[in-house]
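These notes concern the structure reproduced below.
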Amino acid sequence: MSTGMITSAKNMLENTELNKNNNNATMQSDQTITFSDKNKKREVDEKNETIIKVKSVIPRQRQELLKWYGWGYKDSTFKLSDGTTFFTGDRYIISGKSLPHAQQWVKEIFDIDLTIEPRQPKLPSSFPSSRLPNNIKEELEKISLLSTDGVDRLIRAHGQTLHDVYNLRNNSFPRIPDAVIWPTSHDEVEEIVRCASKHKFVIIPFGGGTSVSGAVTCPANEDRPIVVLDTSEMNAILWLDKDQLLANVQAGIVGQDLEREMRLRGFTVGHEPDSYEFSTLGGWVATRASGMKKNTYGNIEDLVVHTKAVTPLGVIQKSCRVPRLSCGPEWEHIVMGSEGCLGVVTEVTLKIRPLPPVVRYGSLVFPDWESGFYFEREVAKQRLQPSSIRLMDNEQFRFGHALKMEQSWGGVLLDGLKRFYITKIRGFDPLKLCVVTLLMEGKAEQVAESEKKLNSIAGQYGGVPGGAKNGEMGYTLTFVIAYVRDLALDYGVVAESFETSVSWERALALCRRTKRAVREQCARRHITHYHISCRLTQTYDAGCCIYFYFGFKTVGFDDPVHVYEQIEQAAREEIIASGGSISHHHGVGKLRKKWYTNTVSEPGRRLLLAAKEALDPDNIFALGNMAFDQYSPAVKSKL
Amino acid sequence: MNEIVKFVNILEPRNSQFGIFKFMTRSWEPTKTLTLDKYYFPQELKKVVADSVYIDAFIEKESIRNGIPKEQLRKEVLDYLEEIAMDKKLHVIRWMGIVFLKICFMMKIEVFVNESWVLKLKSSMGKNPVLFLPTHRSYADFCLMTYLCYHYDIDLPAVAAGMDFYSMAVIGQKMRETGGFYIRRTLVGAPLYSATLRHYVRTLVAKYSAPVEFFLEGTRSRSNKSLPPKYGMLSMTLLPYFASEVTDITVVPVNISYDRLMEQGLFAYEHLGVPKPKETTGGLLKSLHKLNDHYGNIYINLGDPVSVREYIGHQLPLSAEMLKPLDLQQLSADQFKSVQDIANHMVTMQQNCTVVTVSNLLSIVLMESLTKNEALILDQVLEKIERLIQILRALGASVFENNVKSSVERILVVHKNLMKVDGKNRLRLVSSALVNINSDVQKKMKGHVLKAETIVNAIPIIQLQLYVNPVLHYLVPPAIIYLITARGVTNKEELSADYYRLRKLLIHEFFHLEKTEEITFNSALQYCVRNDVTSPTYTPGSAHALHTLLRVAVTPALRTLLTCAEVMAQCKRCEHKRVLKLVQERVENGRYHPYCLSLEAANNCLQGMTLYGALVKQRSKQQQVTYDTVPIKLEECRLLISSILPRKDVDFGNNNSVIFKQDDVKAKL
């Protein structure tokens, strides 16, 4: 009996073996017949069921539409001819219009001779050769579209810092990427990252290339091949739930594409950073972006419900899609603000809102910065902020005036009357007055109610209504201002903006001290023609965001960018000393990394490096932002 | 299914003066499958589907893809829903119930149900959706479960029906009003329809408080035995479980066995390749006079309810699909595998629920006597049946029969057109009437153009085979073992290897689960040894009667398989339809068992050979299937089959002494 059992057990084993062989044979033959194909097709069909493919405004060859040497669209620039200033193209409110006040302002502030031929750069024709070995290239080409073309690599070597643009115009980048790859889906990204881990090359995630922190700039001292992972082909809306008011979107979608598609369907995301025409969803997440209308829609961290990111050690995401979670630290916030150093954000689930029926602009004029400031403080205290509320200082108000369009006689008359009322009857000093611009959204009665309340608070602080037109101008100029720098560079002026976050009670002193520090720095360097201004762009319960503009005439300096950077650094030191932060929404990148550890504390820095160790031990995403340049595999032992 | 189950004739209490009317007009408070706060009416369900996020998102995508305005697509969805959705109306149900009972009595049908199981199932209802998965052998299946539910006060199931009923006047609408909903056979090329259907079915399961019934096999099995399952409907109906919309889904396999199929004649012609007439109400009325006849018993055997949750295991791996909105959730690849697994399991459970009827037993005995060309007198037949009951019970079948003699007499009345006892008290097969094959009929033939004589000879034998088939899944494993040992085999390893290969080749003809094959093989082998079919050293035993039975059971399928292999070996590469023609031609010329002429059987064998790797199947863009041979593998399986196939073949034509020629009768009259 027992022997019988043993033999039968042995037989059973062999039978299973045989069965296995049979199964293998089955599988092989299955592959050749339609059954498995059918299955595959079925999967693809079902996966694609509700995906909305989006045609992006921005083509894969970005340079066809976008300026390769600066900001924005090719067709939109400031032009000087016959003594008048124009803004070309037809994309913005001032496009194609003559700007009669511009020249006088430029002359006055920067002392520039506009009759001199501007210095416009030529697109380089030779590039450093690609270091990507052929075998890796072939492997990558099997996954997604890949290019090693010089121009493709050059225009993805940088963001939009002054430093970047200067290097770009002079073709003086110490290092540009060795290839550009365009994955179309999360799965492809996973494959690319796996390939990178295998072959030890570096990946730089690239969205809209609008970084102003140097975060996306190609690290100069990287010996390994560098592949830029351009997310622009990952721009589909994977699903949209009109009941839950949620959309799951691939992270490469460009802000304006996302907003346009949502509006077509009666919704809005409402996230509008000044760069939203070009920046991408993934970029917003990676930098912890903030939008102009955050009062209504929230900053990116309020909008995001779920993120999916590919790191070299796997995909990080939560297993559930829920409104809130109490489950230890929120690891989603490790991805958010990681500035591309831990992995690639591939898919994001976002809140969406129904389009507001009424959108109205407004403006309020205050006799001085301080009364405008206290007005904003009061509005924040009462939590009466409309979608956007901003306060411009006097310098910025005058700069805005310089970009005003030529008007019909009626407009001139009305403008004249308004000015007469404000300066003569109310007695505001034109060299001191400040302007608050408003953007209100909602149902008609909500907007009217909000406007009434705001006007009444403004009254308490000496403010008077300044009209809707001025408000609207203020907001469109936000997008146009970015183009000014290209014009300035053409004529030897360097200009840049920087921002900070500060508590209410320290804000006034911070603005005063920072401006003074800049002025002192200029005086020390005998810079006579410069512009420093600020505005208060966001309000919170506990403080606000202050945005500075600084530019100066570079005549006589060998290395104007370096001078600019020195002055901005001094300004930042002053900001920090005044209780401000190193950034509100621009991020840390490479520009502000020297203050990083101080800001987050030493244990904070160690946590950051520990995250690197946990997610990307081989430093595939070697962008070196924040404190990540201190990471090397040797750090492992220390941790 | 060996335990004694009590079957109850549920029509019996109605067979009184006012039985029908009183029963169909009683107040009726059925048990529901779900206890809900809000119960949806059939019309509301349509609205839920039309307004769903899924349909919304799908329209959005379709509109972008085709440029068709969303409003138009929305209207299309509403039209589809009108086409699909059921519209249950109690008064119609009552009227239809009366008609149903009237017809049943006209057909002299008795419906036997394993009552205790129904009551057990009913008592567990109310917690989660229930799916009824009956076998599909006849159109009568559509009414039977519905009537059963009415009888036991269970909410009437929503029954998935094919579009052929939809186009029938009156009946189409009435079926809808008794809970039927319509599905198209193919979803290819109609993405919006398929989305609408998918969401309707899903909503029906998740939100409607009645059972959902559909046929896992997808179509009526023309051969009266199980077909491999189709996975589409089950995927749709189980989605609410995978999407965590419901806590569980109870799946109930049901076997419906018939003493006599209304469609037996049509099916026989279909096997030969003569297209069946389209269903029309007129056609149905015409066939009504045929109903005034004896149709015998119907056995509805409910199997063990299966909890999907328990079957898959409690720990559901969370799929990435859970991150999608509920409505948009689809099956992941793993979940689809589970669905396939459940479907296959369900078909085998249906097989295990088979109730072996006297029709089956009598047919097996008659088929055996035909094959031996030796008519049996009635007493021998009864003896053989008694013996057969023992054999089948030993193989795990449930035979619901107490008094064989009276039952055989009953069945001889029921099947009087197929078999009869002649003057010498011998059981004979009645030959069919001569058919008129004109050129028009010839043109319509799907396969090889068969001779009139072949058709006349084949029809009754194929019909007889239809009643042999439901029992074959018990007989095939020991039959294959016997044939291999009869050829000669050196050890158990060789035996099992050949056994597995043959089973794989025949998996479409005799559906079974591959993963339990080892158990099946071992128990079949045990049976063979115990009953002296084979000796313990794997040489043929001395149970000659059993040998004959087993040989008869599997010979037609093996012959078809061999013919397919031979045809393919000659052609090397051949289009599907042409292979079928060549196989039929070969069978006709070889005068083999007429069931080998069956196009379905040939198709099953080709699929088996493809799975085996002997053929490679390719589908052209016009959906035309072509086979290429894998010569080594093909030769291997050809040799294997011919080594075990019994060479002895009897004449199944007019000269067979068991066949009773109808023309003789007419001549005499």
Side-chain angles (χ1 to χ4, degrees), chain A residues 4 7-8 10-12 14-19 21-30 32-35 37-40 42-43 45-55 186 237-244 246-248 261 264-265 305-306 308 315 317-322 347 349, chain B residues 51-54 56-65 191 194-195 198 231-232 235 318-320 322-328 330-333 336 340 491-493 496-497 499-501 503-504 514-515 517-518 521-522 607 609-619 625 627-628 630 633:
Chain A
T7 37
S8 76
K10 193 179 145 219
N11 285 342
M12 247 165 73
E14 279 166 9
N15 288 340
T16 5
E17 197 75 339
L18 180 106
N19 245 358
N21 288 341
N22 277 355
N23 286 344
N24 282 347
T26 324
M27 276 175 58
Q28 273 169 13
S29 57
D30 262 2
T32 46
I33 61 169
T34 48
F35 183 69
D37 290 350
K38 228 199 231 166
N39 253 0
K40 221 188 259 168
R42 181 188 159 276
E43 271 178 43
D45 276 355
E46 294 212 342
K47 268 189 188 162
N48 291 343
E49 262 182 327
T50 50
I51 293 178
I52 301 168
K53 294 247 191 275
V54 175
K55 177 145 176 40
H186 170 86
I237 298 167
L238 298 176
W239 51 258
L240 191 156
D241 189 331
K242 299 181 182 189
D243 281 345
Q244 308 297 311
L246 290 176
N248 183 229
E261 294 299 320
L264 269 176
R265 292 164 177 82
V305 176
H306 194 95
K308 191 169 173 184
V315 177
Q317 68 171 336
K318 283 179 290 195
S319 71
C320 49
R321 172 175 49 78
V322 291
E347 289 169 16
T349 306
Chain B
D51 294 344
S52 66
V53 170
Y54 177 68
D56 220 66
F58 203 90
I59 286 178
E60 185 81 55
K61 181 204 146 198
E62 277 296 294
S63 170
I64 294 172
R65 208 168 61 93
S194 128
R198 200 170 317 155
Y231 304 121
S235 309
L318 277 179
S319 77
M322 285 292 284
L323 295 173
K324 286 189 187 172
L326 180 65
D327 267 9
L328 300 186
Q330 300 291 332
L331 290 184
S332 68
F336 183 66
Q340 288 179 311
N491 54 27
K492 191 178 170 187
E493 283 69 45
S496 66
Y499 169 87
Y500 291 134
R501 282 155 68 196
R503 283 285 271 176
K504 187 185 274 291
E514 276 197 285
K515 64 178 180 188
E517 266 299 85
E518 201 175 307
F521 170 73
N522 282 321
Q607 303 314 314
M609 280 157 67
T610 307
L611 192 66
Y612 185 83
L615 300 180
V616 177
K617 190 169 163 183
Q618 266 158 357
R619 202 179 286 269
V625 176
Y627 299 98
D628 283 299
V630 179
K633 281 260 177 188

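The basis for the numbers below is simple: all heavy atoms, side chains too, and nothing from hydrogens, waters or symmetry mates. Treat the numbers as computed from the prediction; the structure is a model and nothing was measured.
No side-chain heavy atom of A/D241 sits under 4.5 Å from any side-chain heavy atom of B/K324. Side-chain atoms of B/I64 and A/K53, non-hydrogen and from C-beta on, never get closer than 4.5 Å to each other. Between A/I52 and B/E60, some side-chain heavy-atom pair lies under the 4.5 Å cut-off.
Expressed to the nearest 0.5 Å, how far CG of B/L328 lies from CG of A/L238 amounts to 11.0 Å.
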A/I51 vs B/K61, side-chain contact (heavy atoms from CB on, under 4.5 Å): CA-CA, chis, key distance, verdict:
CA-CA 6 Å; A/I51 293 178; B/K61 181 204 146 198; 5.6 Å; no

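Heavy-atom minimum distance, B/V53 versus A/L240: CG1-O, 4.1 Å.
Applying the salt bridge (charged side-chain N to carboxylate O under 4.0 Å, His left out) test to A/D243 and every residue at least two apart in sequence or in another chain returns nothing. Scanning for side chain to side chain donor-acceptor pair (under 3.5 Å) contacts around A/E261 gives A/R265, with sequence neighbours left out.
By number of non-hydrogen pairs under 4.5 angstrom with chain B, the leading residue of A/Q244, A/K318, A/K308, A/H306 is A/H306.
Contact annotation for A/N248: neither backbone nor side-chain heavy atoms come within less than 4.5 Å of a heavy atom of chain B. Heavy atoms of B/L323 lying under 4.5 Å from chain A belong to its backbone as well as its side chain.
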